[in-house]
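Structure first, commentary second.
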Amino acid sequence: MCGELRPEHTGSQVVLLGWVNRRRDLGNVIFIDIRDRSGMTQLVFDKGVNPAVHEKASALRSEYVIAAIGKVRRRDADTVNKNIATGEVEVTVDELKLLNESKLPPFLPSEAGPINEEVRLKYRYIDLRRENMQANIQLRHNVALAIRQDLAGRGFLEIETPFMTRSTPEGARDYLVPSRVHPGEFYALPQSPQLFKQILMISGFDKYFQIVRCFRDEDLRADRQPEFTQIDLEMSFPQPDRVYEVVESFLKAAFKAAGIDLPTPFVRMSYDQAIREYGIDKPDMRLPAMTNIRPAFTDEDLADLRIDGTMNMVAIRIPNVGKISDREKKELRALSEELAKRNKDFAGVLYDFAQMEKKRPQVAAKIRVLCKAGTDDLVVPIVGIAADGKTRSAASQKAQYTSGGEARLELARKYADKHKAFERTGDVARDFKFLWVTDFPMFEYDDKENRWNAAHHPFTSPHEQDMDKLQSDPGSVRALAYDVVLNGTELGSGSIRIHRQDIQRQIFTALGMTDDEARSRFGFFLDALEYGTPPHGGIALGLDRIVMILAGEDSLREVIPFPKTAKAIDMMVDAPTPVNETQLKDLGIKIRG
RNA sequence: GGGGACGUAGUUCAGUUGGUUAGAACGCUGCCCUGUCACGGCAGAGGUCGCGAGUUCGAGUCUCGUCGUCCCCGCCA
């Protein structure tokens, strides 16, 4: 192939098939870089040596598809190109065949600069010819293959589950597929194969996995596509530790496929600790944690600074920011207001640390020590402002942490150039901060609907010790649920499931679901639970996100060959589209207004 | 559903306070060139300034609307 020739091939006759990447016509000698997915090689056409072939070569243009037959020749020392792998050799062409011409593309695959994404997506077939996209798609293949091999090697079976299945309206919106045979009825595309994989456990396939497409009809983000690929797995008789081990093993294999030797096991942290120290359930540990700064204050300090000592107080540290300008101070105040707007429970402010250093230098000094802050580090205390006689709710206390977490990320993004924590150093332990977040709460309170919701999903098993609190204090029940997080991105989420019907019923009750409701939604599954269900659990990880991070990209679109835009449109095939009246009639569907 | 950024040549962009024929680089076409590799030189073609209204003697520039792309919030059990 075009990228494989080396000095040891000198003298051999070769056939190269590929695209014209660039043409350099010097008159009596023409150089053409021929490209395929393996790389490129320089072809030489010399008028003095072979005028007929030279004549043919002069008609070649960018992206023409050609076959070249010739001899590999070692280049003179002064004409070696160190920028390409084949740079020490070239091919003198004896025979040239034009296999196909090309219209002038809207942009060239060999072009260096950025290209408008709209154009890239419309002409995705050209875009995918670019070196970076070829590398990303190749990486994706390598990663998926390594994961398959690792899981298969551990006795997991890859088993397919249906794409056309039953809508279970809970969680994300379903993509629906109308049934022609049953007018007015719909299949749903799976948000995940959750119930099928649990049923496979009931069926005795004790180790299942699948690299599988999932569908969610929700608004998109840079790291969210409506169809995405999960590494989905489930096993019978596991402890959480066993799941961690399996995931760490295949992630190690996946990273190895990308040339990275990942240390395992990963750090573990409870949900509560994650909230306290990072204000979020998917901490980016490349940056310092938040620090509890309560010990820095005496009661007198608090009164003097008008700070509410009963509220949680933490400080954010962003390394190497240096002195900040008045404008930046104003931006901090604006961020403080923005946080209050975003979270109505947030009763705190981002305190002006410079002012604190003036007013109460000994307090500020203690805070610096607590945070381990150097003189160039930006310190932002987050405190509640004293308001007499007001008692603070638990939600308000938590908001101190979560709003702090948001501020931490926002400031980290803003000062990325200064602290450089997001840049790759080549030091694996620093570049890839994995962790397991464990012991998620079982339920979340829904203010709008005035009821408890399953934080993970309703098939997640509660902690053994918390069973008795299901009715009395649902908010404090911990789940056997865990997330695997990398650099602040949630890669995957899983749990040990409920395998006993009686407990499953208790959970539905706690969620305010009647037996009839539960039965109408999940009847087939509740039936299955009653026929000898083994204890089981599993996890699902986003393949796209793993590849995105490995490729060093900021958007999933860079690692998905044919992605959708923010409005869920495929620019190349132009989908979705209206369909004709006959099709609708067949399906018994009428479009409203 | 909400907030923000952007939209000018095939591509990436510039375009001053509203004022003559809207520019540059790359790409493209032609000619010249025997060692280039982001080849070089000369010449040339290429524009509904996203679209529609409005203000104005005059709009790429100001206003309103609309469409599209991107980012964020909501949403994503």
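Here B:C37 presents its C1' atom at 16 Å from CD1 of A:Ile34, a figure rounded to the nearest Å. If you take CG of A:Asp174 and C1' of B:C75, they are 15 Å apart, rounded to a whole angstrom. We find that NZ of A:Lys414 is positioned 17 Å from C1' of B:C71, with the value rounded to whole Å. To the nearest angstrom, P of B:G7 lies 17 Å from CE of A:Met571. If you measure from atom CG of A:Asp25 to atom P of B:C33, you get 10 Å, rounded to the nearest angstrom. Taking atom NZ on A:Lys122 and atom C1' on B:G68, their separation rounds to 12 Å, with Å as the unit. Straight-line distance from the NZ atom of A:Lys567 to the P atom of B:U66: 12 Å, rounded to whole Å. A:Asp219 places its CG atom 11 Å from the P atom of B:C75, with the value rounded to the nearest Å.
There is no side-chain donor-acceptor pair under 3.5 Å between A:Asp272 and A:Ser270.
The shortest distance between the side-chain N/O atoms of A:Asn81 and the OP1/OP2 oxygens of B:C37 is not below 4.0 Å. In this structure, A:Arg173 does not reach the B:C76 phosphate: none of its side-chain N or O atoms is under 4.0 Å from OP1 or OP2. Dashed line: the shortest gap from a side-chain N or O of A:Arg224 to OP1 or OP2 of B:C73 is not under 4.0 Å.
Under the Watson-Crick and G-U wobble criteria, each requiring two contacts below 3.5 Å, nucleotide B:C26 is paired to B:G10. Of the nucleotides present, none pairs with B:U21 by Watson-Crick or G-U wobble criteria with both distances under 3.5 Å.
No more than 12 heavy-atom neighbours from other residues, nucleotides or ligands sit within 6.0 angstrom of CZ on A:Arg500. The number of heavy atoms from other shown groups lying within 6.0 Å of NZ (A:Lys47) does not exceed 12.
Taking the 5.5 Å centre cut-off and the 30° plane limit, the aromatic side chain of A:Phe107 is not classed as stacked on B:U11.
Residues A:Phe163 and A:Arg213 are in side-chain contact: their nearest non-hydrogen atoms beyond the backbone lie under 4.5 Å apart.
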